[in-house]
Amino acid sequence: MKSLPIILAVLAIGTAIPAWIPMSATQVVEADLVGQLLNRTGKQVTAEQVTSVRVVTWDDTASAPKVLEVKRSQGSWIIPSHYSYPADGGTRVGKTSGGVRNVVRGRLVTRDSKQHEDLGVVDPFFEDDKIKGRGKRVVLKDATEGVLVDMIIGKSVPDGDNLVFVRDADDSAVYTARLGAYKTDEEDQSADTSYDVSSRFVDWVETDLLKLKSDNIRAISVSDYSVNEQTAAIEERSLSRFTRAAGATEWTSPQTPEGKRVLKDTVDKLLTQATSLRLSGVRKFSLEWLTQAGFFPSESPQLLGRPDSLKVAFNNKIYALFGNEGRVDFTTKDGLRYSLLFGEISGEDEDKPSGEAAQAKQQDTGHNRYMSVYVAYDPAADEDAIKAKAEADAKKAEADKAAAADPTKAAEKPADKPDEVAKVAPGQTRAAKAQARFSQFFYVISDENFKALRPALDKLFEAKPADPVPAPGAAEPAPDAFPVLPPPAAPLPAPDDSPAPPPPAAATPAAATPAAPATPTPPAP
């Protein structure tokens with residue numbers, strides 16, 4: 001018991017030391033970390049070590065932190081908060097991870113937490129929602145869920161040459177640093193070192209949903225209609241088809257009105273959407289939610305019998321499927337037809353899809369919209385299959401001709417192999433693979449994308465320019481114009497003021513009366 005006062009006295013002396021040590025001594029201790037890596041390992045972190053990236057920002061509108069996390073699963077990056085939808089692992093994940101993995105501490109700015117607000121390094125999870133100066137928090141983890149980096153990124157350093165204020169989330173000390181400037185040997189040393197931290201879903205998904213190339217698209221079909229939910233009727237407005245032959249640049253349409261032509265700008269926007277469609281959100285596909293999202297299956301024999309109906313199978317039963325606001329089809333040279341159906345307005349918060357928001361009923365502009373994608377194979381549009389069949393038919397015809405000329409060769413003709421007859425076309429395999437991917441989700445697109453993908457009829461065609469009218473006194477046609485000339489006329493008598501013909505050698509009575517001009521006689525054959 002007698003030792004207790006001594007221990008307490010020692011503790012009292014120990015806690016009193018910081019009260020009289022000069023502040024410069026503290027700064028010296030912190031300055032020892034300048035030039036060292038700002039991560040939890042104290043050594044270089046490689047890209048292969050990172051299996052999880054978590055970004056936290058502050059949402060001023062909701063007065064709450066906003067979180068987005070991506071994880072590596074079976075070699076691919078997914079977004080668990082959005083139904084494990086695939087993330088853009090090549091660009092966004094790599095840049096976000098690479099920008100903070102191996103940041104070098106620069107100048108020590110302060111270790112006073114009261115200055116965090118001014119420097120913009122307040123933790124977005126800080127409970128006081130009235131405090132300003134929230135930073136962006138980036139957390140990297142490895143396969144064991146061990147934290148590799150937990151950094152809060154603040155404001156830019158004034159006149160700091162791309163420097164920002166940073167700190168470890170568990171440390172009040174703030175340093176200057178250049179994000180993304182530290183690159184490993186395998187990374188491009190000339191790459192852009194600017195750094196952007198985002199917790200928006202749209203910034204983390206691939207921008208090429210359909211994975212199509214513009215030059216491979218041969219046909220576009222725009223079905224402009226609406227589904228009347230009260231009468232269960234389809235209110236059709238127009239159906240326009242556009243085609244482009246291989247190697248051609250111009251699109252044609254059998255629906256082009258008289259005196260008009262295909263509006264190139266509209267078709268170009270359709271192609272842009274097909275090749276670089278950017279999503280605003282996703283929702284997991286479910287049959288129970290099909291009609292609520294604005295997609296209506298029908299068993300009607302009349303609708304199933306329509307050649308343009310989209311036939312899909314649900315629970316081993318075939319339906320004709322219609323979107324609430326029409327459809328657009330893109331057909332490629334390998335026979336794949338991508339059908340995009342447009343459903344109801346999306347009234348939920350796409351950044352928090354797990355929350356059940358009220359469905360928007362009023363058709364205001366600017367709302368996101370649900371879309372579903374279906375892929376089918378059309379052998380009649382598969383250029384490679386058509387060419388292969390033509391070659392096979394020509395070869396067979398040649399063999400039949402040879403067999404007819406020499407019956408002994410008929411016995412030598414090899415029979416079709418069963419495995420070749422039943423061979424599945426490559427396009428059919430690709431269509432099945434694509435359909436398996438698209439059938440997992442309802443997609444959400446912006447109102448701007450919707451209008452570009454399903455343009456109204458008055459946006460599809462434009463008036464042809466009037467043919468130029470030659471002005472009076474216009475120049476002669478170009479030499480290659482080949483003007484049509486009138487047929488040659490019979491020669492006319494000489495004018496009165498022309499020189500008189502020489503007198504005849506001898507006068508005769510018949511010459512006293514002038515003879516009428518003679519009609520030229522064609523030469524004898």
Side-chain angles (χ1 to χ4, degrees), residues 11-43 45 52-69 96-97 99-141 145-182 195-199:
L11 289 176
I13 294 173
T15 55
I17 290 176
W20 58 268
I21 289 181
M23 183 60 69
S24 59
T26 303
Q27 292 178 341
V28 170
V29 173
E30 293 290 348
D32 289 342
L33 298 177
V34 172
Q36 296 187 19
L37 296 176
L38 183 58
N39 60 39
R40 298 291 177 87
T41 68
K43 57 184 179 180
V45 176
S52 171
V53 180
R54 188 186 196 201
V55 176
V56 186
T57 61
W58 179 256
D59 188 339
D60 287 326
T61 303
S63 295
K66 184 176 178 181
V67 182
L68 189 139
E69 184 175 10
T96 303
S97 169
V100 299
R101 282 201 317 266
N102 299 294
V103 171
V104 179
R105 288 179 172 91
R107 173 177 59 89
L108 173 65
V109 179
T110 183
R111 61 189 302 273
D112 184 1
S113 61
K114 294 180 180 178
Q115 298 185 39
H116 287 178
E117 188 171 2
D118 292 335
L119 300 176
V121 291
V122 175
D123 190 340
F125 282 125
F126 192 75
E127 294 181 355
D128 186 357
D129 59 2
K130 293 182 175 58
I131 196 169
K132 304 297 183 182
R134 306 275 179 165
K136 297 179 178 180
R137 187 170 176 176
V138 181
V139 183
L140 307 182
K141 293 183 179 181
E145 290 294 311
V147 177
L148 301 171
V149 175
D150 192 349
M151 182 187 301
I152 297 178
I153 304 167
K155 298 178 180 179
S156 297
V157 177
D159 302 323
D161 189 22
N162 294 326
L163 296 175
V164 294
F165 298 112
V166 296
R167 71 180 180 93
D168 185 286
D170 292 342
D171 189 357
S172 62
V174 181
Y175 299 85
T176 62
R178 181 174 288 108
L179 303 181
Y182 188 101
Y195 192 71
D196 174 40
V197 179
S198 174
S199 59

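Considering only heavy atoms from C-beta on, V149 stays 4.5 Å or farther from V138 through its side chain. For the pair V67 and V55, the minimum side-chain heavy-atom distance is 4.5 Å or more. Taking 4.5 Å as the limit, some side-chain heavy atom of W58 sits within range of a side-chain heavy atom of S63. Considering only heavy atoms from C-beta on, L179 stays 4.5 Å or farther from V197 through its side chain. Put simply, the side chain of M151 reaches to within 4.5 Å of the side chain of V103, judged on heavy atoms. Two residues are said to be in side-chain contact when any heavy atoms from C-beta on lie closer than 4.5 Å; T176 and F165 meet this criterion. The side-chain heavy atoms of R178 and D161, taken from C-beta on, include a pair separated by under 4.5 Å.
Without hydrogens or angle criteria, R134 side chain to P65 main chain gives no donor-acceptor distance under 3.5 Å. R101 places a side-chain N or O within donor-acceptor distance of the main-chain N or O of V45, the cut-off being under 3.5 Å. A donor-acceptor distance shorter than 3.5 angstrom exists from the side chain of R167 to the backbone of V121, with no hydrogens or angles considered. R105 places no side-chain N or O within donor-acceptor distance of the main-chain N or O of G35, the cut-off being under 3.5 Å.
Across every non-hydrogen atom of G154 and V164, the tightest pair is O-CB, 4.4 Å. Summarising the geometry of I152 relative to G135, their closest heavy-atom pair is CG2-CA, 4.0 Å, with the distance given to 0.1 Å.
From D60, atom CG reaches atom NZ of K66 across 11.0 Å, with rounding to the nearest 0.5 Å. Note: L148 CG to K43 NZ = 10.5 Å, rounded to the nearest 0.5 Å. Atoms CD1 and NE2, from I131 and H116 in turn, are 10.0 Å apart once rounded to the nearest 0.5 Å. Summarising the geometry, atom CG belonging to L68 is positioned 10.5 Å from atom CZ belonging to R54; distances are rounded to the nearest 0.5 Å. Between D150 atom CG and K141 atom NZ the span is 8.5 Å, to the nearest 0.5 Å. The distance from the OG atom of S156 to the CG atom of L163 is 9.0 Å, given to the nearest 0.5 Å.
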message: Applying side-chain contact (heavy atoms from CB on, under 4.5 Å) to I153 and V100, what does each step give before you reach the verdict?
response: CA-CA 10 Å; I153 304 167; V100 299; 4.1 Å; yes

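By the side-chain contact (heavy atoms from CB on, under 4.5 Å) test, D170 is found to be paired with R40, D168, residues two or more places apart in sequence or in another chain being considered.
Residue pairs meeting the salt bridge (Lys or Arg N to Asp or Glu O under 4.0 Å) criterion with at least one partner in residues 112-130, sequence neighbours excluded, are D123-R137.
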